[in-house]
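Read the numbers this way: they start at 1 and go in the same order the structure lists the ligands and their atoms. Sequence positions, counted from 1, serve as the residue numbers for this chain.
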Amino acid sequence: MTTVPDIAPGTANPLIAPTAEGHRRILTGDRPTGPLHLGHYFGTLQNRVQLQLQDIELMIVIADYQVITDRDRADRVAEHAENLVLDYLAAGVDPDRATIFTHSAVPALNQLMLPFLSLISVAELSRNPTVKDEITHSRQAAVSGLMFTYPVHQAADLLFCKADLVPVGQDQLPHLEITRTIARRFNDRYTPLFPEPQALLSEAPLLLGTDAGKMSKSRGNAITLGADEDETARLLRGAVTDNDRHISYDPETRPGVSNLVLLIALCQGRDPHAVAEEIGPGGAARLKRTATEAVNEHLRPLRARRTELAADRSLLREVLHTGNARANAIADRTLAEVRTAMGTF
Ligand code: ATP
Ligand code: MG
């Protein structure tokens, strides 16, 4: 049903090869807090599409309960969820083969959170660096219990479907460690049931935004996949660089400049050092112009497809409806196994 646009091939990863056990299932997801941006695209979305092209089963969770970790209300959550589906399909996810679901619609998944909470300590949850960073950026006066425990909810997202591979950005690694710990402890304490999922990082595990901090939907520093070419140019013109006129690639000491160099390299499938050398004395103005052209050119087919798909909102809702039904069937099965393993009624 869906035609897959050209996706630049990424580096071969041995994890992608099917194991002796055969079937591989990946799960990954996003919060419905706004439209997807270049950080998602290069950080995880390209990998999701590529894995699916290799016939690995793709599950995508739209983490709607996770919206209320750092804000009081889940504003326009259904609309954001539909727009995430739109971005996925535009990027090449095949909805006929992927399961795209909202975790609030899958009760058995949520029930797994109870036994899982007992498998991790408060101290382990409190020292999670991603949660600490999100608290710093949160708009709330008080930190909610969900903020500390959502990584356990994420363990339920991953383990209900026994996913073994997770294409994510760098911020997710501490959460994944919590999932792995929960899986291990469950298997030791009860019956071996869960795999310990492994992260799959892309070449851009932490793409920066226009303020040189992590590009995020919620931080006003993102270039969205759906932005038009003029808006992309305007946002990139405002990106933070530095005073050194000569362009080089050194992410440690020159994060803003290097991020733009990386962006060009990712869009053009080139080595960032070669890109920096070519721009060299051209300075920040040429760097930003080149980045704008590279991004707009690379995203042109995706954006055209996105506009086409946006005309039919009922298709987006249908994808979620089907995905939720599939996810419920899987979650009911896993919860039954967990209850048997624990000896509950
Ligand atoms: P929010 O600000 O609402 O938290 P976000 O931009 O951080 O939004 P998420 O929905 O939290 O996006 O993250 C979804 C997935 O995208 C995760 O796997 C995350 O690691 C990845 N991701 C998000 N931002 C980036 C980025 N800047 N670079 C690479 N990967 C990213
Ligand atoms: Mg986030």
Side-chain angles (χ1 to χ4, degrees), residues 10 26-49 51 58-77 79-81 83-85 87-88 91 93 100 102-103 128-140 146-147 150-151 153-154 157-158 163 165-179 197-227 235 239-240 251 255-256 258-260 262-263 266 295:
I26 64 177
L27 180 132
T28 176
D30 310 282
R31 303 203 304 160
T33 46
L36 294 184
H37 51 64
L38 291 172
H40 296 113
Y41 182 71
F42 288 115
T44 125
L45 195 47
Q46 268 194 337
N47 266 343
R48 300 180 197 178
V49 173
L51 290 159
L58 175 61
M59 312 273 302
I60 302 183
V61 58
I62 296 183
D64 46 359
Y65 274 136
Q66 241 187 68
V67 173
I68 44 173
T69 52
D70 63 355
R71 63 203 80 193
D72 294 335
R73 294 162 52 96
D75 285 330
R76 296 163 55 207
V77 68
E79 181 191 332
H80 286 319
N83 286 337
L84 288 184
V85 177
D87 284 332
Y88 301 147
V93 169
I100 304 175
T102 49
H103 60 188
N128 183 312
T130 297
V131 169
K132 286 186 189 164
D133 180 59
E134 287 169 349
I135 289 171
T136 309
H137 286 90
S138 115
R139 309 162 186 182
Q140 286 184 311
L146 186 59
M147 181 54 117
Y150 87 79
H153 198 194
Q154 250 176 249
D157 289 338
L158 281 163
L165 194 56
V166 199
V168 281
Q170 192 171 289
D171 59 323
Q172 296 298 309
L173 296 183
H175 300 348
L176 198 59
E177 216 32 65
I178 287 177
T179 294
Q198 287 177 293
L200 177 65
L201 288 178
S202 77
E203 289 163 275
L206 181 62
L207 199 78
L208 304 183
T210 49
D211 60 356
K214 173 190 170 300
M215 187 179 285
S216 292
K217 292 189 224 87
S218 316
R219 298 184 193 176
N221 64 358
I223 294 151
T224 64
L225 298 182
L235 292 169
V240 168
S258 302
N259 191 58
L260 292 176
L262 177 65
L263 201 49
L266 290 166
V295 169

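Taking a cut-off of under 4.0 Å to the non-hydrogen atoms of G43, the atoms of ligand 1 that pass are 29 (C), 30 (N). Atoms of ligand 1 lying under 4.0 Å from any heavy atom of V168, numbered from 1 in the order shown and given with element: 18 (O). Atoms of ligand 1 lying under 4.0 Å from any heavy atom of P205, numbered from 1 in the order shown and given with element: 28 (N), 29 (C), 30 (N). Applying the 4.0 Å criterion to heavy atoms of G29 picks out, from ligand 1, the atoms 14 (C), 15 (C).
Nearest to atom 5 (P) of ligand 1 by heavy atom, out of K214, Q172, R71, R219, is K214. For atom 20 (O) of ligand 1, the nearest non-hydrogen atom from the set T69, D171, L201, N221 belongs to D171.
For the atom pair CZ of R48 and CG of L165, the computed distance is 12.5 Å after rounding to the nearest 0.5 Å. In this structure, D70 CG and Y150 OH are separated by 8.5 Å, a value rounded to the nearest 0.5 Å. In this structure, OG1 on T44 lies 9.0 Å from CG on L200, to the nearest 0.5 angstrom. Separation of atoms CG (L27) and CG (L158) is listed at 5.0 Å; rounding is to 0.5 Å. Here the straight-line distance linking atom NE2 of H80 with atom CG of D87 works out to 12.0 Å at 0.5 Å rounding.
At least one N or O atom of R31, backbone or side chain, sits closer than 3.5 Å to an N or O atom of ligand 1. On a distance-only criterion, P167 and ligand 1 share no N/O pair closer than 3.5 Å. Remark: ligand 1 and Q170 share no N or O pair separated by less than 3.5 Å (distance only, no angle test). For the pair A204 and ligand 1, the shortest N or O to N or O distance does not fall below 3.5 Å. Residue L207 has at least one nitrogen or oxygen atom sitting less than 3.5 Å from a nitrogen or oxygen atom of ligand 1, judged on distance alone.
You'll find the side chain of V131 reaches within 4.5 Å of the side chain of P151, heavy atoms only.
The protein heavy-atom contact nearest to atom 9 (P) of ligand 1 is K217 NZ, 3.4 Å. The shortest contact between atom 30 (N) of ligand 1 and any protein heavy atom is with G39 O, 3.4 Å. Closest to atom 13 (O) of ligand 1 among all protein heavy atoms lies H40 NE2, 3.8 Å. Protein heavy atom nearest atom 14 (C) of ligand 1, with residue, atom name and distance: D30 OD1, 3.0 Å. At the top of the distance list for atom 1 (P) of ligand 1, counting protein heavy atoms only, stands S218 OG, 3.2 Å.
A donor-acceptor pair under 3.5 Å links the side-chain atoms of N221 to the main chain of K214, judged by distance alone. The backbone N or O of V168 lies less than 3.5 Å from no partner atom in the side chain of T28, so there is not a single donor-acceptor pair. Judged purely by atom type and a 3.5 angstrom limit, S138 uses its side chain to pair as donor or acceptor with the backbone of Q140.
Screening H153, E134, R31 against T69 for a side chain to side chain donor-acceptor pair (under 3.5 Å) leaves a single residue, R31.
The minimum heavy-atom distance between P32 and A81, with the atom names listed, is CB-N, 3.9 Å. In plain terms, the two heavy atoms of V49 and A91 that are nearest each other are CG2-O, 3.5 Å.
The shell of residues lying under 4.0 angstrom from ligand 1, judged by heavy atoms, excludes S202. Distances from ligand 1 to the non-hydrogen atoms of H37 include at least one value under 4.0 Å.
Only the side chain of T44 comes within 4.0 Å of ligand 1, counting heavy atoms alone; its backbone N, CA, C and O stay farther away. Of all the heavy atoms of E134, none lies under 4.0 Å from any atom of ligand 1, so neither backbone nor side chain is involved.
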